[in-house]
Protein chains: 2
Amino acid sequence: MTAAQKKASQVTEPLSRGDKRRAAFIAAARQVFLEQGYEAASMSEIVLRAGGSLSTLYSQFGDKQGLFIAMLDARVRQITETMGVELSAHTPVEEGLRRIGMQFTSKLLEPEALEMYRLIVGLARKFPEIPREFQRRGPDKIRQALADYLIDRKEAGEIRLEDPYRAATLFLEMTRSGLVSRALLDEEVRPDAEEIRASVNIVVDMFLHGIIRYQPDPGSEKTAKS
Amino acid sequence: MTAAQKKASQVTEPLSRGDKRRAAFIAAARQVFLEQGYEAASMSEIVLRAGGSLSTLYSQFGDKQGLFIAMLDARVRQITETMGVELSAHTPVEEGLRRIGMQFTSKLLEPEALEMYRLIVGLARKFPEIPREFQRRGPDKIRQALADYLIDRKEAGEIRLEDPYRAATLFLEMTRSGLVSRALLDEEVRPDAEEIRASVNIVVDMFLHGIIRYQPDPGSEKTAKS
DNA sequence: TCTCGGGTGTAATCAACATTACACTTGCTG
DNA sequence: CAGCAAGTGTAATGTTGATTACACCCGAGA
């Protein structure tokens with residue numbers, strides 16, 4: 001804590017001794033927490049993998065909870081950064097949605113991301129602040145980006161749109177539906193890129209046209225793409 | 001009181017001494033597990049609340065895990081039974097979807113259901129069979145019912161439909177999106193009936209018409225209902 | 001070189017439980 | 001009423017793992 005703040009003020013310090021220790025601890029903690037879960041993870045095990053000593057671990061993070069939070073923090077930051085959705089502002093909806101859908105789904109299906117999510121959900125009772133922080137730093141960012149994109153597309157006349165945030169939420173959730181929420185509960189669900197693509201395509205289609213589509217007058221016109 | 005209960009229950013089922021003990025244990029276990037989580041829950045605490053003795057608890061369930069599974073089993077059975085979706089086979093889609101959406105969402109938003117889900121997700125690593133069982137006995141049942149309903153509606157010509165299961169999954173997931181998945185991560189999200197209704201309506205609309213709706217030719221004709 | 005502050009290893013502490021053991025009650029059933 | 005099968009209370013047993021204490025070590029500045 002104090003150490004971190006001190007370093008923060010000194011701009012761009014190149015990884016001092018302590019920082020390296022800290023990074024090693026966090027990396028090991030990530031491994032162990034993900035493998036064993038919060039309760040079952042043992043501090044000694046973490047030290048074993050990180051090298052260094054138990055004493056140093058405690059002096060750096062205070063206690064188990066502190067270590068956990070530090071680890072989660074670093075991890076969520078890292079994941080959402082990676083997901084930095086590059087929505088080239090003027091891609092046509094269908095294409096744009098497919099792209100973001102793929103990116104989102106693939107990321108969330110990574111075993112590590114799944115496990116992290118399980119951890120967070122499971123600890124919601126014990127540390128209520130954690131999931132909230134996670135929401136803000138993770139999903140909300142993506143949602144915001146997607147909403148902006150949808151607004152842009154609306155202005156381009158491609159879609160009707162009453163509530164961009166709601167719509168963005170819906171899309172992301174639909175995206176998760178087919179695979180992610182199943183994978184969350186079943187380790188053995190491990191879709192490959194093709195399955196993901198297929199799932200995303202269906203979602204995009206449904207999101208755009210709904211289940212009814214041009215019903216009264218099937219022949220009129222098609223959406224640019226296909 | 002005890003006598004009365006004994007007689008009353010004897011009419012329907014035997015409910016022997018042991019059965020009552022068992023029920024009491026399970027009820028207490030539910031409380032404690034939900035409040036404290038699996039690891040933190042203590043067997044003694046459960047006995048404390050249930051009355052009876054530690055020895056009996058062990059003789060009935062073997063060990064902690066056994067008790068947990070028995071509890072979960074009873075609970076999931078109970079919840080999904082309650083949710084017994086009465087889709088009067090020929091309700092018009094819009095009405096039918098609203099109804100099932102309300103029922104589903106309301107149920108899942110109950111604090112206890114949320115907590116149960118958190119438990120299950122959090123334990124996916126430790127007991128991989130549990131979430132699978134849960135899927136089969138819970139969500140899959142609902143999904144099946146909804147799929148059947150959608151097929152019926154298709155045959156009535158109300159909707160286009162390529163993959164009923166996928167569509168059913170999508171609908172249920174969309175339904176969860178707005179509120180449930182948020183509530184899962186934030187204890188303080190406690191929508192009332194009106195909010196739920198609003199959320200469901202939007203979902204139904206999106207599910208049916210998509211985000212584009214009759215765009216090329218707005219004036220032609222409307223879907224039977226309204 | 002001497003000295004100090006973080007680092008390091010190792011070995012205590014200390015509490016919490018799960019799980020068992022044991023000796024004692026009860027409530028039927030014949 | 002005897003006897004047994006299940007239930008009860010209480011007190012072990014044993015393990016596990018967070019957290020702390022302690023004695024030692026190494027690299028930078030006086």
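Proteins get letters first, then strands, A, B, ... in listed order; numbering begins at 1 in each. These numbers come from the heavy atoms of this one structure, side chains and all, not from hydrogens, waters or symmetry mates.
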[X]: partners by side chain to side chain donor-acceptor pair (under 3.5 Å), with sequence neighbours left out:
X        : value
A:Arg132 : B:Asp186
B:Arg75  : B:Gln78, B:Glu112
A:Glu110 : none
A:Ser59  : none

Taking only residues at least two apart or on different chains, which pairs with a member in residues 57-69 of chain B satisfy salt bridge (Lys or Arg N to Asp or Glu O under 4.0 Å)?
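Listed by first then second residue: nothing to list.
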In whole Å, what is the span from the [atom1] atom of [X] to the [atom2] atom of [N]?
X       : N      : atom1 : atom2 : value
B:Leu57 : D:dT10 : CG    : C1'   : 16 Å
B:Asp63 : C:dA18 : CG    : C1'   : 9 Å
B:Phe61 : C:dA18 : CZ    : P     : 15 Å
B:Gln65 : C:dC17 : CD    : P     : 19 Å
A:Arg22 : C:dG6  : CZ    : C1'   : 16 Å

Residue pairs passing the ring-ring contact (aromatic ring centres under 6.0 Å, His included) test where at least one lies in residues 182-202 of chain B, sequence neighbours excluded:
none
Applying ring-ring contact (aromatic ring centres under 6.0 Å, His included) as the test, list every pair that has at least one member in residues 124-145 of chain B; sequence neighbours left out.
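The answer is B:Tyr38-B:Phe127.
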Close approaches to DNA chain D from residues 25-45 of chain A, in residue order (heavy atom, under 4.0 Å)
A:Ala41, A:Ser42, A:Met43
Would you indicate which nucleotide in D:dA18, D:dG7, C:dA18 comes nearest to any side-chain atom of A:Lys64?
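Given the options D:dA18, D:dG7, C:dA18, the side chain of A:Lys64 is closest to D:dA18.
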Lys/Arg N to Asp/Glu carboxylate O, B:Glu35 vs B:Arg49, below 4.0 Å
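Salt bridge between B:Glu35 and B:Arg49, a charged N being under 4.0 Å from a carboxylate O: yes.
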Going by heavy atoms closer than 4.0 Å, what residues in residues 119-130 of chain A are next to DNA chain C?
none
With A:Val200, which of A:Met102, A:Gln103, A:Glu195 fulfils side chain to side chain contact (heavy atoms under 4.5 Å, CB included)?
A:Met102
Using a cutoff of under 3.5 Å, can you pull out all pairs of nitrogen or oxygen atoms linking the protein to nucleotides 20-24 of chain D, with atom names and distances?
{"from": "D:dA21", "atom 1": "N6", "to": "A:Ser55", "atom 2": "OG", "distance (Å)": "3.4"}

For B:Arg137, check salt bridge (charged side-chain N to carboxylate O under 4.0 Å, His left out) against everything at least two apart and list the hits.
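In terms of salt bridge (charged side-chain N to carboxylate O under 4.0 Å, His left out), with neighbours along the sequence ignored, B:Arg137 is linked to B:Asp73, B:Glu133.
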Contacts of type ring pair (Phe, Tyr, Trp, His ring centres under 6.0 Å), residue B:Phe25, not counting sequence neighbours
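Partners of B:Phe25 under the ring pair (Phe, Tyr, Trp, His ring centres under 6.0 Å) test: none.
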